[in-house]
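Working notes for the structure below.
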Number of protein chains: 2
Amino acid sequence: MFDFQQRGGFLEKYLFILKGCPFFSGMTEQEILTILHCMDAQVKKMDRNAYIFRAGESTETMGLVLSGSVLVIQEDLWGHRNILAKVLPGDFFGESYAATPGSVLNVSVVANEDTEVLMLNVNHLLTTCQNACTHHNHLIRNLVSVLAGKVLQWDSKITHISKRSTREKLLSYLSSESIRQGKLAFDIPYDRQQLADYLSVERSAMSAELSKLKKEGILDTQKNHFVLRGIPE
Amino acid sequence: MFDFQQRGGFLEKYLFILKGCPFFSGMTEQEILTILHCMDAQVKKMDRNAYIFRAGESTETMGLVLSGSVLVIQEDLWGHRNILAKVLPGDFFGESYAATPGSVLNVSVVANEDTEVLMLNVNHLLTTCQNACTHHNHLIRNLVSVLAGKVLQWDSKITHISKRSTREKLLSYLSSESIRQGKLAFDIPYDRQQLADYLSVERSAMSAELSKLKKEGILDTQKNHFVLRGIPE
DNA sequence: ACAAGTATGTTTGATTTCCAACAAAGGGGT
DNA sequence: ACCCCTTTGTTGGAAATCAAACATACTTGT
């Protein structure tokens, strides 16, 4: 772990990510730097498969992915892994637990590849120096947007996994991704095993269902690239 | 729909609920009244099964249940109903959509019984009169807690419905309710059909599974009262 | 180019869920 | 007490999923 202020290199490298992040929207570079100091920002470099949070812990800090990606997961002792979300650069994880004093993590967070994350203390934002920094109120307002967006994201995940059949889950997820990205041809951030874990189905059954959908001409796919064709008339 | 300020009756009747609500925590009665006016508060009386929000709409207002209860649901055209949550007096619904400009409701909200709800305009809180009312920043801070709590609630719902079998879903939900309420004997807010819709399983299969669990001595239940016994050794 | 490891697709039988129909139990109103 | 309506439990056949095994790409490192 590195102190953010002492490593100018990181700063120049990633400031453009922070500027594009909803949480820092409407702030100048200098204001962002001030805030990073207030929130005790620290950069962590994580190797692939390293745990950033473990279910059962509690935390005052939230994470912001700078490079690479992390998976928010739940896993039981027998290898079943449930993927709640993949978090890409510019997006947060753990913010809801950090913002809820006394809460216990119901999820784990692991690096999906070699990853750099920025850890930010939310309590410093919520409970101290409310008057001193005029930016704090602005940031808390931004935090509302971040949290509301997370709820909406969760709503749509629940939409997918509430479907009863593997086929419906696939089509629910794929069509929503297609709409979100605004095109019928798009990439998804998951490989087959991860997609199965995201949709809570068996990989082999899902693979079989994808083959069926291909044969029926409803979609085409190679690796993580998908093309939806709609239902032929 | 009634104007809140003109109906003192409602006010006295429900102010104690508002005072106990996390969103208004740390505020005096007079401050709450001021806020209600700022947020254009209006009381709505809804008959059982009436829709408060419909999927596809968008909204600037969030709802607070005063009496009765509402269900947050998703339904397809062929009667499949997925219950995301039951909202009891003192709790919010729709706040994430109201706090996300341009968002479209992915859920519907229906009155589960004859219900009174308070509708509050979130935009008035987030975008106007930030300087005038010192309470606003306090409220936005409280809104962060409300939203973070909603994410945690969603996390735990995802935990339950991600389980692969009906039995696991039941036990996941029931044990978490038991822990949440701090006792092995507890009531749940759902009848059998609603519980099945909440866990995304078939009612009849769930009923059969409950019978098995009873026979095995793992739990006991009559109507919506449950007693967990743990797995016998 | 090769080998080893990983990811994806396919198949199979056992298990589970779904679905519809029906039976039994409870509630409310007259 | 009676009937009607809702809720809950039970059953059985059809369909889907799970889980394990295997085959076939595709990667990666040497």
Side-chain angles (χ1 to χ4, degrees), chain A residues 47-49 71 75-83 86 112-114 160-174 187-216 218-226, chain B residues 48-49 71 76 78-83 86 112-114 160-174 187-216 218-227:
Chain A
D47 292 335
R48 176 170 148 84
N49 291 331
L71 294 176
E75 48 194 355
D76 58 29
L77 297 173
W78 247 272
H80 271 139
R81 165 177 279 201
N82 174 26
I83 295 178
K86 181 173 181 177
N112 185 49
E113 54 197 300
D114 290 354
H160 307 324
I161 62 178
S162 296
K163 296 281 190 290
R164 304 309 176 82
S165 68
T166 299
R167 164 177 289 231
E168 279 182 306
K169 289 180 186 178
L170 273 171
L171 292 177
S172 174
Y173 169 70
L174 291 174
D187 293 343
I188 66 170
Y190 302 117
D191 64 29
R192 291 291 185 272
Q193 181 63 59
Q194 291 175 334
L195 180 56
D197 290 342
Y198 178 82
L199 296 176
S200 293
V201 297
E202 197 60 25
R203 181 197 61 80
S204 62
M206 187 190 76
S207 219
E209 198 61 49
L210 277 175
S211 297
K212 262 206 225 172
L213 288 167
K214 271 194 204 177
K215 276 195 198 103
E216 298 174 25
I218 294 173
L219 57 77
D220 214 338
T221 173
Q222 32 194 328
K223 305 208 43 166
N224 65 336
H225 185 73
F226 285 78
Chain B
R48 176 170 148 85
N49 291 330
L71 295 175
D76 59 28
W78 217 254
H80 271 140
R81 163 177 282 202
N82 174 27
I83 295 179
K86 182 173 181 176
N112 185 49
E113 55 196 302
D114 290 354
H160 308 323
I161 62 178
S162 296
K163 296 282 190 288
R164 304 309 175 80
S165 68
T166 300
R167 164 178 289 232
E168 279 182 305
K169 289 180 188 180
L170 273 171
L171 291 177
S172 175
Y173 170 70
L174 291 174
D187 292 343
I188 66 171
Y190 302 116
D191 63 29
R192 291 290 184 273
Q193 182 63 60
Q194 291 176 335
L195 181 56
D197 291 342
Y198 178 82
L199 296 176
S200 293
V201 296
E202 198 60 24
R203 181 198 60 79
S204 61
M206 188 190 76
S207 218
E209 199 61 48
L210 277 175
S211 295
K212 264 206 223 171
L213 288 167
K214 271 195 205 177
K215 274 194 200 104
E216 298 174 24
I218 294 173
L219 57 77
D220 214 339
T221 173
Q222 32 194 329
K223 304 207 47 164
N224 66 337
H225 184 76
F226 286 78
V227 183

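Values in this document were obtained by computation on a predicted structure and should not be read as measured data. Atom set for the values below is all heavy atoms of this structure, side chains included, hydrogens, waters and symmetry mates excluded. Chain A is the first sequence line, chain B the second, and so forth, proteins listed ahead of strands; every chain is numbered from 1.
- Exactly one of A:L199, A:L71, A:I188, A:N224 qualifies for a side chain to side chain contact (heavy atoms under 4.5 Å, CB included) with A:Q194. That residue is A:L71.
- Here the P atom of nucleotide C:dT16 and the CD atom of B:E209 are 9 Å apart, to the nearest Å.
- Comparing A:K169 and A:K223 along DNA chain D, the residue whose closest nucleotide (by nearest heavy atom) sits nearer the 5' end is A:K169.
- Side-chain contact between B:Y198 and B:H160 is present, with heavy atoms from C-beta onward closer than 4.5 Å.
- Relative to the side chain of B:S204, the nucleotides C:dT17, D:dT10, C:dT10 differ in distance, and D:dT10 lies closest.
- Residue B:H80 places none of its side-chain N or O atoms closer than 4.0 Å to OP1 or OP2 of C:dC18.
- Picking from C:dT8, D:dT17, D:dC18 the nucleotide with the shortest atom distance to the side chain of A:S165 gives D:dT17.
- Of the two residues contacting DNA chain D, namely A:E202 and B:N224, the nearest-nucleotide position lying further toward the 5' end is that of B:N224.
- In this structure, B:R164 atom CZ and D:dA20 atom P are separated by 12 Å, rounded to whole Å.
- Whole-Å rounding puts the B:L210 CG to D:dT8 C1' distance at 10 Å.
- Listed nucleotides: C:dT17, D:dC18, C:dC19. Nearest to the side chain of A:A205: D:dC18.
- For A:Q194 and C:dT6, the CD to P distance is 15 Å, given to the nearest whole Å.
- Separating the CZ atom of B:R192 from the P atom of D:dT7 is a distance of 13 Å, rounded to the nearest angstrom.
- The CE-C1' distance, from A:M206 to D:dT17, rounds to 14 Å in whole Å.
- Between B:L210 and B:R192 there is a side-chain heavy-atom pair separated by less than 4.5 Å.
- Here the C1' atom of nucleotide D:dT17 and the NZ atom of A:K163 are 18 Å apart, to the nearest Å.
- Listed for the A:E216 side chain is no donor-acceptor partner under 3.5 Å among the backbone atoms of A:L213.
- Distance, B:D191 CG to D:dG9 C1': 14 Å, rounded to whole Å.
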